[in-house]
Amino acid sequence: MLPSTFASKYLKVSRRMLSLLDHCHHMRQIKQIQSHLTVSGTLLDPYVSGKIISFCATSHLDDALSHGYSLFLRLQNRTTFIWNTMIRGLAENNQSFKAITIYKSMLDTYFPPNNYTFSFVLRACANLPDLFIGLQCHGQVIKYGWESYDFVLNGLVHLYATCNCMDSAKRLFDMSDVNRDVITWTSLISGYVKSRQVAIAQQLFDQMPEKNVVSWSAMINGYVQIGMFEEALELFNGMQTCGVQPNQAGIIGALTACAFLGALDQGRWIHAYIERNKIELDRVLGTALIDMYAKCGCIETAISVFDNMSNRDVFAFTSLISGLANHGQSGSAIELFVRMQNEGVAPNEVTFICILSACSRMGLVEKGLRIFKSMSEMHGIEPGMQHYGCLVDLLGRAGLLEEAKKVVREMPMEPDSYVLGALLNACRVHGNVELGKETVESLVERSLDHGGVHVLLSNMYASANQWDGVVKVRKGMGDKNVRKIPGCSLIEVDGMVCEFVCGDRSQPHLLMEETESWLIGIDKHLKSLSLDDDMTIKRGSLLSCY
DNA sequence: CAGTGACCGC
């Protein structure tokens, strides 16, 4: 035993040590403090070790969490606070399963869990998500009497909503009419939207006694996730009419909706709003803006937003690469791909999809093949279905049909409709009727055929003057009752969203003749430039406005 | 002698 003067001296020292934690910017400093505490013996005090673990669990310094975890394992005296903090740290850092394992050993050592324990454990269950473990935790929640505590209740509703168990979520919600708050409502609503029960979500949203910016954003993004973009934009406007200033999540949802609708005016307005309100243009928001401008046809503005971003990550680069490739600027897309790696940003699997399709459009077979190889050899990314689709497209467009066929035969997974579709398209462009027929057959075998596939084959027979083939395909289509779903496209004109539907003559419009003559003119012009066959416009496209 | 939650990009 230390004499009491020593003890109080060491306590003072350790308190000073702990206050230094807030100023640490490197793990080395944490370890220094910890070794002082170890030498003085004060680390044995669970309050002191708890402070260290709490710092490690919530810090974003490299290896902080694993350092905290190894200290946790060595501790003789743990408190509920220490257990909770460890569970929280693991759950917040993508190690939810480990978090639950720690919770189990907490119960095994007879430590009573409290309200904090359950809010962290339920979060871990929702992160996985694992309904089976979640149900067991719910049992524990009831056993220890925390079911109506607001944080725990909301954790449960969130868990069930995440696991698509809307009946359970709703039952809890109904049971707790005194304890529920705006967060309970928001969790429930976003659960209904994610399970595509939009009508119920909308109804609850209207009934909510108080809405805040998060509730509005949840509903906006819910609409975006299920593809109801116009509703999302209406809500975005409605929220401001109600005097709620949109936050980053709401703005991102609205920008995504603009990108899909081609609603450039709205998108520009949101961009101006961001600048007017000095909302920080971070990587997420910057990427959403780049994407919106690129998809609305303003590639120059997309580039300037990109240039003005201070720290660009893989998503920002990928978004612009994709935009450039889609605007026929494949050369610039490839340059940007090189620049990205020179700046030390590692491409991800989506980047490779964009860059491979850029190569494919430029006819850069050698380069595309090299990049495809580099995926696994240099970047540790195993090519997936879509990458094989790009590869088949790359070879097929260049007329290397045998090589493309070989890729389909030897790829490590069963080809999907896009991979076979790329092969079929190559057969069409290069007039290989025989391989085209084989490809359609393998599509049919896998039940991946749709009307368009058969129409394409029939057109191929027609181009090759094989009229018996045409008749056979058409008859087969009639027997199977296949119909091609018409293509459609959206564009904003003078603030109004217009929908173009291929071949739709049900809603004749005054501008139709004028539009059609323009289309034919563009078509002729493109043909005179002898551009890629894909660029020609299908005659008979029709405009219907609403 | 402590501390927690709902919405968000390729």
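Reminder, nothing fancy here: chain letters follow the sequence lines and each chain counts from 1. Reckoned from all heavy atoms, side chains included, excluding hydrogens, waters and symmetry mates.
Few gaps surround OH on A/Tyr144; more than 12 heavy atoms of other groups in view lie less than 6.0 Å from it.
DNA chain B is contacted by A/His158, A/Asp181 of residues 158-181 of chain A, taking any non-hydrogen atom closer than 4.0 Å.
Because its NZ or CZ atom is not both nearer than 6.0 Å to the ring centre of A/Phe315 and within 45° of the ring axis, A/Arg283 does not count as a cation-pi partner of that residue.
For the pair A/Gln225 and B/dC8, the criterion of a side-chain N or O lying under 4.0 Å from OP1 or OP2 is met.
Among the nucleotides B/dC7, B/dG9, B/dG3, the one closest to any side-chain atom of A/Ala249 is B/dC7. The side chain of A/Phe81 sits closest to B/dA2 out of B/dA2, B/dT4, B/dG9. Checking B/dG9, B/dC7, B/dC1 against every side-chain atom of A/Ser190, the shortest atom distance belongs to B/dC7. Distances were taken from every side-chain heavy atom of A/Ile252 (C-beta onward) to each of B/dG3, B/dA6, B/dC8; the shortest belongs to B/dC8. For A/Arg88, counting side-chain heavy atoms from C-beta on, the closest listed nucleotide (B/dC7, B/dG9, B/dT4) is B/dT4.
Looking at A/Thr186, its side chain comes within 3.5 Å of the base of B/dA6 through a donor and an acceptor atom. Applying the 3.5 Å distance criterion, the base of B/dG9 shares no donor-acceptor pair with the side chain of A/Asp282.
Within the structure, side-chain hydrogen bond (donor to acceptor under 3.5 Å, both in side chains) pairs that include any residue of residues 126-136 of chain A comprise A/Ser96-A/Asn127 (at least two apart or interchain).
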Let me check something: any side-chain donor-acceptor pairs from residues 292-301 of chain A under 3.5 Å, sequence neighbours excluded? List them with distances.
residue  : atom : partner  : partner atom : Å
A/Tyr293 : OH   : A/His271 : ND1          : 2.7
A/Lys295 : NZ   : A/Asp291 : OD1          : 3.2
A/Lys295 : NZ   : A/Asp291 : OD2          : 3.1

